[in-house]
*Asks:* 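What follows is a single structure, and I will ask about it in a moment.
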There are 2 protein chains.
Amino acid sequence: MTSIRPRPATITDIARRAGVSTATVSYVLNDAPGARIPEATRERVRSVADELGYVPHASARSLRTGTSDLVLHVQMDVVQGPLASRFLHDLSHGLRELGYTLLQYGAERSRGVKAARAWAAMRPSAVVAGDDRLTPAGVELLRKADIHVFAVGTPPERAKELGVSTLTMDHHGLGARAGEHLVGRGCRDIAVVVPREDTLRQMGERRLEGVRSAVERTGPGASVRRYEMDWTPESAAELVGTWVAEGLPDGVFGYNDEFSGLLLGALLDADVRVPEQVGLVGADDVMLCRMLRPRLTSVRLESEEPGATARRIVEAVRERAAVHLSPWKPVLVERET
Amino acid sequence: MTSIRPRPATITDIARRAGVSTATVSYVLNDAPGARIPEATRERVRSVADELGYVPHASARSLRTGTSDLVLHVQMDVVQGPLASRFLHDLSHGLRELGYTLLQYGAERSRGVKAARAWAAMRPSAVVAGDDRLTPAGVELLRKADIHVFAVGTPPERAKELGVSTLTMDHHGLGARAGEHLVGRGCRDIAVVVPREDTLRQMGERRLEGVRSAVERTGPGASVRRYEMDWTPESAAELVGTWVAEGLPDGVFGYNDEFSGLLLGALLDADVRVPEQVGLVGADDVMLCRMLRPRLTSVRLESEEPGATARRIVEAVRERAAVHLSPWKPVLVERET
DNA sequence: TAACCTAGCTTAATCGCATAACCGACGCCT
DNA sequence: AGGCGTCGGTTATGCGATTAAGCTAGGTTA
């Protein structure tokens, strides 16, 4: 009982059925410029091709041409917000238009050389990876394989050190918008929350600096205090407890909407009136802001023309040149807090 | 100026440096059973391999062997909750252990034959795709290419029709848990929200049926009313307006936490006391539940032993047999609503 | 001493596709 | 008649890896 497994059609099959050589089939199906093949033959080849349900073998093609249309994206450890999803969606679409295929690789948290080897095995044109996945040795390995590396969320000095392109959010600007808003509401004693978790902390620190610079610029004399917090209701309650004991700040930037949501709950539990006693600003502008009562004020990052980003990425890959992209700008969405 | 692009090392390079043939290198690096090669030679080959930073060329290997270790995952259109992320993480890990590589394909919403062609081009062993991406013609194309299809969220009858394996959530059971809880709280007039958006609606209907069956079983005489809603604050307000006008239900199952969050906001805006006047249950048990005041009661799906799922998937793929997996069970998390 | 093993390799074919180089037939010009 | 250009293809090669089959040197057995 030889159960014959279905074998997808190849150009050889097409060639046989159409009575031409495989070269001709290849020329036709790729619309090769410079190939002189009359329309009649083209028609015949094409009709045989989809009669057989031909699907090109991506590996074979890329093996032959030595190029690949793959771009690997490796997620950050952190849970993705809507900004990241939308960005990914746009990027995928943009790359597709330019002839590239975006693939998200693995959901596990491997990193360094080991991860780089796995990525390199697929011979992509580029890898877009969270900064937390990259090590100098890993990057070196990718460079040797002629794979362009985009580091997501890497600060400039580290990017230069690694010699990679970057894709970053303007955390500083985001914090600055939040700071300006709080100062504008008359806050003089501003608390800024920085997540304790490693990856998030780095972004938190940059947001904090943004708040600081905005406060110095627009509300001189106002104080900015830094606090750490975990993403749990308990940690939020503890932090609010500290505030009640030390003296309430009159404005809080809660790192993002999720942290702010936890804080809002804890503040209400402690009978603090929001926004009368304490102003609160989140970031990301997720739907959550409109679920909470009072409704949460937030700073969102808006992406400017997504197609452009894909184009600039492709350009950098083709020219093997490092670029530093930051395709979002912060916008305040004012609500009740 | 001929800028020579870095070319990754091949087994030919290794063979040359180690003074052996490529066959020997291949045997060594793959630990081929039955190959008679002394340890000394093996050592030499291996040391040359990592001296050159050799990374195998996945495409070349899969072209030659005719098999691929790829499993393609195509996301549903809907935004991923934490359940989906965690599942993906576990799946990826489990498949890795079994020698497979999980890749997430594209973030765009292409579907049907066109999408199937793109997936088939990579010659994966299996495709895990949201039901909304599949059409009979698309599935047929994949079958011809000997690619196993796992449909996510497909009801049994459609799965049989398509001839695919499935991976589903127990929406019925989830709704039932919610229904039991509401009946247990003494609710006699239960409103169930079904999302208007197409993909979500299907799941909503099945959750609704779950509520109905639980109510019939545990609270005979109680009524279950069905309502539609969009995922916007405006739609929530409108729905609450209807309830106020028609007479408030005393229990609401809000489809999931996000919809319930919007509803809770709208209920509070209408001065409805929750849970005194209206009990509310969400689903997914996301952090949001603990941000809202009152804290949201929710039904979560807990995955049972993730490694087992990966194993069963691989088994099905290897034996080319359709299986139907539903590796989550519903658990109620009671809070204040 | 011839026949036969076995260890330790090598040779060569092949996967599906792209593409440079070539080739025969025909028409046209001189 | 001979040379040349163009059309409509074909032939041949190789990308990097796997793997069946073969081959050689040395040792063992009959």
Side-chain angles (χ1 to χ4, degrees), chain A residues 5-46 48-49 52-70 99 120-124 145-146, chain B residues 5-45 49 52-69 99 117 120-124 145-146:
Chain A
R5 353 186 307 191
R7 205 184 48 92
T10 69
I11 54 168
T12 310
D13 300 328
I14 299 178
R16 190 169 23 244
R17 286 271 283 246
V20 293
S21 70
T22 62
T24 303
V25 174
S26 178
Y27 286 137
V28 170
L29 296 182
N30 293 312
D31 264 330
R36 301 161 304 185
I37 294 167
E39 194 52 36
T41 309
R42 288 173 185 272
E43 277 302 312
R44 188 152 38 93
V45 168
R46 277 194 281 254
V48 171
L52 295 181
Y54 173 73
V55 175
H57 193 303
S59 299
R61 167 182 283 147
S62 106
L63 176 59
R64 177 63 238 247
T65 61
T67 66
S68 120
D69 66 339
L70 278 189
M122 338 212 44
R123 299 293 194 276
D146 195 31
Chain B
R5 0 187 297 194
R7 204 184 48 93
T10 69
I11 53 167
T12 310
D13 300 330
I14 299 177
R16 189 168 24 241
R17 286 272 283 247
V20 294
S21 71
T22 63
T24 303
V25 174
S26 177
Y27 287 138
V28 170
L29 296 182
N30 294 313
D31 264 330
R36 300 161 303 187
I37 294 167
E39 195 53 35
T41 309
R42 289 174 184 271
E43 277 302 313
R44 189 152 38 93
V45 168
L52 295 182
Y54 173 72
V55 175
H57 193 303
S59 300
R61 167 182 283 147
S62 108
L63 174 59
R64 177 62 243 248
T65 61
T67 67
S68 113
D69 66 339
R117 287 173 55 86
M122 336 211 48
R123 300 291 194 276
D146 195 31

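In this text the structure is predicted, and so the values were computed from the model without any measurement.
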*Asks:* Using a cut-off of 4.0 Å on non-hydrogen atoms, how would the nucleic acid contact of A/T41 be classed: base, sugar-phosphate, or nothing?
*Replies:*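 Result for A/T41 = sugar-phosphate.
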*Asks:* Name all residues meeting the salt bridge (Lys or Arg N to Asp or Glu O under 4.0 Å) criterion together with B/R17; count only those two or more places apart in sequence or in a different chain, and write none if there are none.
*Replies:* B/E51
*Asks:* End-to-end bend of the helix from C/dT1-D/dA30 to C/dT30-D/dA1 (five-pair axes, 10° rounding)?
*Replies:* 80°
*Asks:* Determine the minimum heavy-atom distance between A/R123 and B/A9, stating which atoms define it.
*Replies:* NH2-O, 4.2 Å
*Asks:* Can you tell me the distance, in whole Å, between the CZ atom of A/R42 and the C1' atom of D/dG9?
*Replies:* 12 Å
*Asks:* If you assign B/R123 and B/R64 each to the DNA chain C nucleotide with the nearest heavy atom, which residue ends up on the more 5' nucleotide?
*Replies:*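 Its nearest nucleotide lies further toward 5', so the answer is B/R64.
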*Asks:* List the residues meeting salt bridge (Lys or Arg N to Asp or Glu O under 4.0 Å) with A/D13, not counting sequence neighbours, and say none if there are none.
*Replies:*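 Here the qualifying residues are A/R7, A/R16.
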*Asks:* Please round to the nearest 0.5 Å and tell me the distance separating atom CG of A/L29 and atom OG1 of A/T22.
*Replies:* 11.0 Å
*Asks:* Filter on side chain to side chain donor-acceptor pair (under 3.5 Å), then keep only pairs touching residues 52-62 of chain A, sequence neighbours left out; what's left?
*Replies:* A/N30-A/R61
*Asks:* Can you find a pair of side-chain heavy atoms, one from A/V25 and one from A/V48, that are under 4.5 Å apart?
*Replies:* no
*Asks:* What are the bounds, 5' to 3', of the part of DNA chain C that sits under 4.0 Å from heavy atoms of chain B?
*Replies:*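 It runs C/dA7 to C/dG16.
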*Asks:* Within the structure shown, what part of the strands sits under 4.0 Å from A/R7 by heavy-atom distance: base, sugar-phosphate, or nothing?
*Replies:* sugar-phosphate
*Asks:* Does B/A23 have any side-chain contact (heavy atoms from CB on, under 4.5 Å) partners at least two apart in sequence or in another chain, and if so, which?
*Replies:*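 Checked B/A23 against side-chain contact (heavy atoms from CB on, under 4.5 Å); matches are B/S21, B/Y27.
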*Asks:* Output the distance between atom OG1 (B/T10) and atom CG (B/L52), rounded to the nearest 0.5 Å.
*Replies:*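 One gets 9.0 Å once the value is rounded to the nearest 0.5 Å.
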*Asks:* I need the NE2-C1' distance between A/H57 and D/dC15, as an integer number of Å.
*Replies:*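 My rounded result for the distance is 13 Å.
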*Asks:* Anything under 3.5 Å between a donor and an acceptor, one on a side chain of residues 39-46 of chain A, the other on a protein residue two or more places apart or in another chain? List them.
*Replies:*
residue, atom, partner, partner atom, Å
A/E39, OE2, A/R46, NH2, 3.1
A/R42, NE, A/I37, O, 2.8
A/R44, NH1, A/A18, O, 2.4

*Asks:* Quick check: closest heavy atoms across A/L63 and B/A60, and the distance to 0.1 Å?
*Replies:* CD1-CB, 4.0 Å
*Asks:* Within residues 24-38 of chain B, which residues have any heavy atom lying less than 4.0 Å from an atom of DNA chain C?
*Replies:* B/T24, B/Y27, B/R36, B/P38
*Asks:* Sequence neighbours left out, what pairs pass salt bridge (Lys or Arg N to Asp or Glu O under 4.0 Å) with at least one residue falling in residues 20-30 of chain A?
*Replies:*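 Residue pairs passing salt bridge (Lys or Arg N to Asp or Glu O under 4.0 Å), neighbours aside: none found.
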*Asks:* Could you write out each protein N or O paired with an N or O of nucleotides 25-28 of chain D at a distance under 3.5 Å?
*Replies:*
none

*Asks:* For DNA chain D, whose closest nucleotide is more 5', that of A/T22 or that of A/R44?
*Replies:*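 Per heavy-atom nearest nucleotide, the more 5' residue is A/R44.
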*Asks:* In residues 14-21 of chain A, which residues come under 4.0 Å of DNA chain C by heavy atom?
*Replies:* none
*Asks:* Please give me the minimum heavy-atom distance between B/P124 and B/S68, naming the atom from each residue.
*Replies:* CA-OG, 3.5 Å
*Asks:* Rounded to whole angstrom units, what separation is found between the CG atom of B/L52 and the C1' atom of D/dG16?
*Replies:* 15 Å
*Asks:* Mind calculating the distance between CZ (A/R61) and P (D/dG16) to the nearest angstrom?
*Replies:* 18 Å
*Asks:* Can you list everything that forms a side-chain hydrogen bond (donor to acceptor under 3.5 Å, both in side chains) with B/T65? Sequence neighbours excluded, please.
*Replies:*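 side-chain hydrogen bond (donor to acceptor under 3.5 Å, both in side chains) check on B/T65 returns B/T67.
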